[in-house]
Amino acid sequence: MQRNHNRPKICTIEKVIDETPTVRTLVFSDDVMSSVLPGQFAMVWIPGINELPMSVMISLESGKAAFTVRRHGPASTGLYNVKVGQQIGVRGPYGNSFDLKQGKLLLVGGGTGLVPMMRLLTFLKSGDDVTVLIGAKSKDEVFFEGLANSLLEKNPHKVIVCTDDGTYGEQGFVTEMVKKLVNEIHFDAVYTCGPEIMMYKTVQLAHSKGLFVQASLERMMKCGVGICGSCCVGEDLVCSDGTVFDGTHLLDNKEFGHFHRNKAGMLENY
Amino acid sequence: MQRNHNRPKICTIEKVIDETPTVRTLVFSDDVMSSVLPGQFAMVWIPGINELPMSVMISLESGKAAFTVRRHGPASTGLYNVKVGQQIGVRGPYGNSFDLKQGKLLLVGGGTGLVPMMRLLTFLKSGDDVTVLIGAKSKDEVFFEGLANSLLEKNPHKVIVCTDDGTYGEQGFVTEMVKKLVNEIHFDAVYTCGPEIMMYKTVQLAHSKGLFVQASLERMMKCGVGICGSCCVGEDLVCSDGTVFDGTHLLDNKEFGHFHRNKAGMLENY
Amino acid sequence: MEPSLATRVGKIQLERPVMLASGILGISLDVFNRLYRAGAGAVVTKSLSTEPWDGYPNPTIFSVNDGGWINAVGLSNAGAPNFAKMIETNKDVPIIVSLVGSIPKDFEMMVKEFENCKITAYELNLSCPHVAKVGLEVGDDPELVKKIVSAVKNSTNVPVIAKVGLGTTHYLNTVGAAVDSGIDAITAINTVRAMVIDVETQRPILSNKFGGLSGTPIKPIALRCVYEISSKYDVPIIGCGGISTWEDAVEFILAGASAIQLGSAIGENSIHVFNDINKGMLEYMKRKNYSKLEEMKGLAKKS
Amino acid sequence: MEPSLATRVGKIQLERPVMLASGILGISLDVFNRLYRAGAGAVVTKSLSTEPWDGYPNPTIFSVNDGGWINAVGLSNAGAPNFAKMIETNKDVPIIVSLVGSIPKDFEMMVKEFENCKITAYELNLSCPHVAKVGLEVGDDPELVKKIVSAVKNSTNVPVIAKVGLGTTHYLNTVGAAVDSGIDAITAINTVRAMVIDVETQRPILSNKFGGLSGTPIKPIALRCVYEISSKYDVPIIGCGGISTWEDAVEFILAGASAIQLGSAIGENSIHVFNDINKGMLEYMKRKNYSKLEEMKGLAKKS
Ligand SMILES: Cc1cc2nc3c(=O)[nH]c(=O)nc-3n(C[C@H](O)[C@H](O)[C@H](O)COP(=O)(O)OP(=O)(O)OC[C@H]3O[C@@H](n4cnc5c(N)ncnc54)[C@H](O)[C@@H]3O)c2cc1C
Ligand SMILES: Cc1cc2nc3c(=O)[nH]c(=O)nc-3n(C[C@H](O)[C@H](O)[C@H](O)COP(=O)(O)OP(=O)(O)OC[C@H]3O[C@@H](n4cnc5c(N)ncnc54)[C@H](O)[C@@H]3O)c2cc1C
Ligand SMILES: Cc1cc2nc3c(=O)[nH]c(=O)nc-3n(C[C@H](O)[C@H](O)[C@H](O)COP(=O)(O)O)c2cc1C
Ligand SMILES: Cc1cc2nc3c(=O)[nH]c(=O)nc-3n(C[C@H](O)[C@H](O)[C@H](O)COP(=O)(O)O)c2cc1C
Ligand code: FES
Ligand code: FES
C-alpha cells in the first residue's frame, strides 16, 4: 500500500541524546522524515499521551531523522520521556519551508526554534557567509552550538550565543545582537524561529533595514493540514500557509507577536 | 480525477450501423475501449433499462470503439434502440484475452461471437495464414464477412460463411466445416466465440486433433470483476478468469457445453 | 446568458451554493473572510456551546487509509459569548452560527448572544457523534428535538437549520420532529461514528477512541440521506458529506439539495476547492442549458 | 514455534480466521472448494430464501469513485431447497449457510432443508439494506429478531450467527435481542445503505436506486461496531466490512473479533487476498510473539 502521510506511521526510537537538562533529541529511522525541508514539521503521536507538532530535526546518519523536544507540559514531557526501543507515531511532513537565498545570511534561533535552523544549515551553498545567533536563558540551556559550527565548517561563518543572564557567550537578549548586526551588515536574508516575541522583534529590526526576513511560527495544532483552524494567525494558517512567512506579510498581521489561541480557540496575549 | 474503470463512464453514440435486420453496431469515442484486447468485454449500461456484458467491437476510426448487439430480450433490445446522440455508460474493460499464436489460424465465430474475432484479426502478424468461419442461420443474418476480408487483405486468408439453411455460402452448421478443416489442415491455433454448443463442438474437434484451441465464453454477469459469482462455470469465473479459456481446461469443466445459470443462479441446460 | 449559481435554501438566499461545513476552519472572522473571497457561498461556524470548551487531547484528526478523515476534536470552541463578540464586526460574510447544547435553555441563551451580529442563519448541531449529552444524543431523541427547535424558533427571526446524522434512532424521525416544529432547513449529514486502531501499538489512535468519519467514504451514504429526506419531506436541504468535486456537488443537487457544505475536501485540495466546484458547476449548467440551480434540483427523483 | 491461525468463534472451530462474506461468489460448491483451497477459513453462502429469487435488474454492482463498491443485487438466489441439494456432496469446506426471510416460519423451513448437509453454521441475514420485508427491516425490529433466533435455535443444533448492520433502530439492540435468544455469534456489519447518481444522465445508477456500500469506505464504521459490541456483550464476534489487508484483519481482532469476513477486497485483489492476509497475520504474530490468535483478541480495549 502507498504511504498515507496523514496517518501516524509508527517509528521506533533508536537513540536519545540529552542536549540540556530539559531538552532531548530522539533519533529514529524514516526516509520521508530524513529528507524534509527546513521549516517543515511533523505531528508526533506519543501513544496514550498526546500528539504534538514538532519541527523535524536532522540526523547526521542517512535515512534518519529526529525530534528535539523541551519538556514543558504533559505532552512534551511525555515525548521527552520516550525511551530507546519505544514507539511513536509520525505523520507529515507538513508546511512550507524557508526560501533559500544566497550570500550573507543571518539565522536567529531560540530554544527548540533552532531545530529548523540546523536543517537550514544543511541546505547552504558553498559561498554563503553565515551568522547563527543562538538565544538561551542561561549557560545550562545552550545547545546546538557545536552542531552549528560543524555544519558550517566549509563556509565563512560565525556562531554567536547570547544568554539572558550572561552565564555564557554574549550577555542579553538575542534580539539586541540582531539589532547590532543589522545596523552593521547588509544581510541577503534573515531567518528566525523561536519564541514569538523574539521573532517579532527580529522581523521588525530586519524589516526596518529593508532586509528579506522570514520567520517560522508556532501555534496550537490539531490537524496539520488546514482543516481544523486551530493554528490560525489572522487569516493565515500556520500549518498549511506556513510555518514560514515573509516578514512583510507578518507585520501586516494583527495577531503576530501579540496573540495566540488557546485550546478553546480563544485569543490570548503573549 | 483518475478514471474509475469499475464505474460506468458516459459515452455518446456517434454512429449506428445496421448489420442485419436484428444486429446493429453502435460507435462511440473512448480511448480506453478503443484499445482493448481480443476477448475483453465491457459492462454496458442502458440508462433506465439494464446493463449488459458486451464484447468490445473495433472501429476503423482511431480512438473509437463500438458494440455490436443483437436484439433479443428487453435489455439487448434497449441497447439496440439507442440512437445517435444518446448516452450509454461503459465500464471495464474486463477479462483476459486470446493467446496470440502465429502460423495457420482458424477462427470460428457465430453471431455476435464474431465481435472478438474481428478484434483478433487486428492483432495478426504479417505471415499468419488465417481461415475465418462465420456461422449464421440464413443469408439475412450474415455480417462481418466483408469486414473480415478487408482486415485480412494483407494475409493469406479464407473467409467461409456457413448458413444452416444454405441460403448463403456453404450449407450446414459451421461445426461441420470445422470438422472438415481440422481433418485436412494442422492449425497452429483455433479460436472460437459464439453459441456455446458451437464452441463446445469446436473445442472437442480441435482437441481431438491435438490442436491448441481457445474459446471465449458468455454467462450471466452482474459485476464483471469476480465478486458476485453469477458468471461461474464450474469453479471458473468467466468475467475474471476468462472470458477466454483453453480447450483442455474447458473439457475438464462439467458445466461447459451443458449448463448455464439463470438469474437466480440455478443451473439450466443449454 | 451566463447561468447563475445563486440559490435559495428556504428563506436563506445565497450567491453561491457551496458552504464551508461546521468545524472546519471555523474559529476566526479573518479566516471566514478569506474563505468567502475564495468562493464559499456561506460559512458555518464551529459548533458553539454556552461556555468555552477545550475539546479532547490530540490525536484529534488524521486521515484514514484509502481516503477520508476521522476526527474527535470534541467540539472545542470559544463559547457563544466570546464568539459573538468576535463576529460583531462582520459586514460581508454570510455566517451561519452552529450551536450545540443539551436542553432548550442552552440554545435560547446562545441565540440571545448573537442578537447584535449580522448572521444568515443558525444551524443546530443535532448530530456530532463523539461528545456525550449533545449532538447525536440530542438528535436521537425526537421529542427533545421538537422542544429545542420550537424554543429557538421562538427566540429569533433568523432562519434555523437542523443538522442531522446517523445515530441510534432513525434520522428521518429527527428530520420529521424538526419539520413539525417549524425548522427552515435541514443539513444532512454529519460525520459517521467510526474508529481506527493502530496495529503496532494496539490502541485506537484518537485520544477519544471513537470519532466521526468524514470525506469521500461517506459521500454515497450522505447522498442517499438527502434523497430520502427530499422524497419524504417538503423541506429545503443542504447536502453535506464527502463532497470534493463539482460532480459530487451536482449529485447532491440532483438528489434534492438546494445547497451543499464541505469540509474534508479542504484537507486534500486546499480552499481552492470552492472555486473549482463553482467553475465546474457553471460549465455543467451551460452545457446542460440551465439558467438557475433550482432547475436541477431533485431531477434524479424523476427517473 | 510457528504461531497458529486457528480460531474459535464460540462453538465454531476454524483453521483460519478469514472467511468469505455472504453474497460474494457464494452460489456454487465448486467455487467454495476453490476459495477454501485459496485460504478462506470458511465460506458463507449467498443469502438464501425459501424460494428462488431473480434479484434486481442490472446495474447491480459497480465501484464508487474513491474506493468501495455499491450493490443492490436484490438477494438473487436459487432458494434454500435447490441450494441444499447442490451442497449435499460437500465434504471438505466449512460452509456457513446464510438465510434471509421475514418470519420465523421461513427460517424454520429452510433449516429443515439443510438437515442432510455438512455445514458449519447458519448466519441469519438481519441486515441487507436494500430489499423490502427482509434483512434490515427484520433486524430493525428486535422483538421479531428474538422470535426468529429462538425459532432457529429450536430447530437445529448447528451454531447460529446473526449478521447485523446499520439500520433505522440501534443495531446494539438487535445484537442484544439475538444474545438474549441464545445466538452463538454475531457478524458485524453488512453494507451501509447508500446511493450514487450519474450526473450526465441524472439518475441513480443502480436499477434499485438504493444499494449497500461495501469495501474500504465502511471499514472504520464496521470496526467501531465490533468494538462497541465487544464492549457491551459477551458474545463471539465476526468482523466484516472493508477488510482488504492483514492490518485490517488485525485491527478487527484487536477490537474484539474472533474471526473476520471479507468480500469487496476480492474485486480489487482477486482471491489471493485470503492467503495474503493469512501470511501477513502469521508474520505479525511471530513478530509480536503470539502463539494463538486468541491472545490478540480485544487488546485495543485495554488501552
Ligand atoms: C510547527 C511547530 C513546530 C514545533 N517544533 C517543536 C520542537 O521542535 N521542539 C519542541 O520542543 N517543541 C516544538 N513545538 C512546540 C510543541 O508542539 C508544544 O507546543 C510544546 O512542546 C509545549 O507542549 P506542552 O507539553 O506544553 O503541551 P501540553 O500543555 O501538554 O498541551 C497539550 C496539548 O496542547 C497542544 N499545545 C499547547 N500549546 C501548543 C502550541 N503552542 N503549539 C502547538 N500545540 C500546542 C499540544 O499539541 C497538546 O495537544 C512546535 C510547535 C509547532 C506549532
Ligand atoms: C462476455 C460477454 C460478451 C457478450 N458480447 C455480446 C455482444 O457483443 N453482442 C451481443 O449482442 N451480446 C453479447 N453478449 C450477450 C448479452 O450480454 C446478452 O446476454 C444478450 O444480449 C441477451 O440479452 P437479453 O436482451 O436477452 O437480456 P434480457 O433477457 O433482457 O436479460 C436481462 C438481464 O439478464 C442478463 N442476461 C441474460 N442472459 C445473459 C447471458 N447469457 N449473459 C449475460 N447476461 C445475461 C442481462 O445482462 C440482463 O441483465 C455477451 C455476453 C457476455 C457474457
Ligand atoms: C475536524 C472536523 C470538525 C468538525 N466539527 C463539527 C462541528 O463542530 N459541528 C458540526 O456540526 N459538524 C462538525 N464536523 C462535521 C462537518 O461539518 C461535516 O458534517 C462532515 O465533516 C462531513 O462533511 P465532509 O465530508 O465534507 O467533511 C466536523 C468535521 C471535521 C472533519
Ligand atoms: C455483491 C454483494 C452481495 C452481497 N450479498 C449479501 C447477501 O446476500 N447476504 C449478506 O448477508 N450480505 C451480503 N453482502 C454483504 C457482504 O456480505 C458484506 O457484509 C459487506 O460487503 C461488507 O464486507 P466487505 O466490505 O468486505 O465487502 C453482499 C455484498 C456485496 C458486495
Ligand atoms: S492545525 Fe488544523 S488548520 Fe492548522
Ligand atoms: S460477473 Fe460477477 S463474478 Fe463474474
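The chains referred to below are lettered A, B, ... by the order of the sequence lines, with proteins before strands, and numbering in each begins at 1. These figures come from a predicted structure and were not determined experimentally.
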- prompt: What's the verdict on side-chain hydrogen bond (donor to acceptor under 3.5 Å, both in side chains) for D:Ser207 and B:Asn50, showing C-alpha distance, side-chain angles and the deciding distance?
  reply: CA-CA 7 Å; D:Ser207 76; B:Asn50 213 310; over 6 Å; no
field: Step-by-step side-chain contact (heavy atoms from CB on, under 4.5 Å) determination, D:Met86 to B:Met266
entry: CA-CA 10 Å; D:Met86 179 189 68; B:Met266 287 187 288; over 6 Å; no
- request: Start with the C-alpha distance between D:Arg34 and B:Asp236, add both sets of side-chain angles, then the distance that settles side-chain contact (heavy atoms from CB on, under 4.5 Å), and finish with yes or no.
  value: CA-CA 9 Å; D:Arg34 178 174 172 190; B:Asp236 296 317; 4.2 Å; yes
message: Evaluate B:Ile10 against D:Thr201 for side-chain contact (heavy atoms from CB on, under 4.5 Å), listing each step before the verdict.
response: CA-CA 8 Å; B:Ile10 301 301; D:Thr201 58; 4.1 Å; yes
field: Candidate pair D:Ile27 and B:Cys232, rule side-chain contact (heavy atoms from CB on, under 4.5 Å), full reasoning
entry: CA-CA 8 Å; D:Ile27 68 173; B:Cys232 65; 4.0 Å; yes
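When B:Gly265, B:Cys231, B:Ser240, B:Gly226 are compared by the number of non-hydrogen pairs under 4.5 Å with chain D, B:Gly226 comes out ahead. Note: B:Ile227 leads B:Ile227, B:Val225, B:Ile49 in heavy-atom pairs under 4.5 Å with chain D.
Of residues 262-279 of chain D, those residues lying under 4.5 Å from chain B by any heavy-atom pair are D:Ser264, D:Ile266, D:Gly267. Against chain B, the residues from residues 42-58 of chain D that qualify, each with a non-hydrogen atom under 4.5 angstrom away, are D:Pro52, D:Trp53, D:Asp54, D:Pro57, D:Asn58 in number order.
Rounded to the nearest 0.5 angstrom, B:Met43 CE and D:Phe62 CZ are separated by 12.0 Å.
Residue contact with chain D, scored on non-hydrogen atoms closer than 4.5 Å, involves the backbone and the side chain of B:Leu237 alike. Looking at B:Asp241, only its side chain comes within 4.5 Å of chain D, counting heavy atoms on both sides. For D:Asp198, the parts sitting under 4.5 Å from any heavy atom of chain B are the backbone and the side chain alike. Proximity to chain B (any heavy atom under 4.5 Å) is restricted, for D:Val64, to the backbone atoms N, CA, C and O. Interface remark: B:Arg7 contributes backbone and side-chain atoms alike to the contact with chain D (heavy atom separation under 4.5 Å). The parts of D:Ser28 that come within reach of chain B are both its backbone and its side chain, each placing non-hydrogen atoms under 4.5 angstrom from that chain. Only the backbone of B:Met221 comes within less than 4.5 Å of a heavy atom of chain D; no side-chain atom from C-beta onward does.
In this structure, B:Lys83 places its NZ atom where more than 12 heavy-atom neighbours from other residues, nucleotides or ligands lie under 6.0 Å away. Within 6.0 Å of atom NZ in D:Lys118, more than 12 heavy atoms from other residues, nucleotides or ligands are found, so the atom counts as buried in its surroundings. Atom NZ of B:Lys201 has 12 or fewer neighbouring heavy atoms from other residues, nucleotides or ligands inside a 6.0 Å radius.
Nearest heavy atom pair, residue D:Asp30 against residue B:Glu255, reads OD2-OE2, 4.1 Å. Between B:Lys222 and D:Val73, the closest heavy-atom pair is NZ-CG1, 3.9 Å. Closest approach of B:Cys228 to D:Ile61, counting heavy atoms only: CB-CD1, 3.5 Å. Here the closest non-hydrogen pair linking D:Ile205 and B:Pro8 is CG2-CG, 3.9 Å. Pairing each heavy atom of B:Gly234 with each of D:Val31, the nearest pair is O-CG2, 3.6 Å. What you find for B:Asn6 and D:Trp69 is that their closest heavy atoms are ND2-CH2, 3.5 Å.
Salt-bridge annotation for B:Lys9 and D:Glu200: absent, with no side-chain N of the basic residue lying under 4.0 Å from a carboxylate O of the acidic one.
Under the ring-ring contact (aromatic ring centres under 6.0 Å, His included) criterion, B:Tyr94 pairs with B:Phe41, sequence neighbours left out. Among residues two or more places apart in sequence or in another chain, the ring-ring contact (aromatic ring centres under 6.0 Å, His included) test is passed with B:His207 by none.
A 4.5 Å side-chain heavy-atom check between B:Lys263 and D:Ser76 finds every atom pair outside the cut-off.
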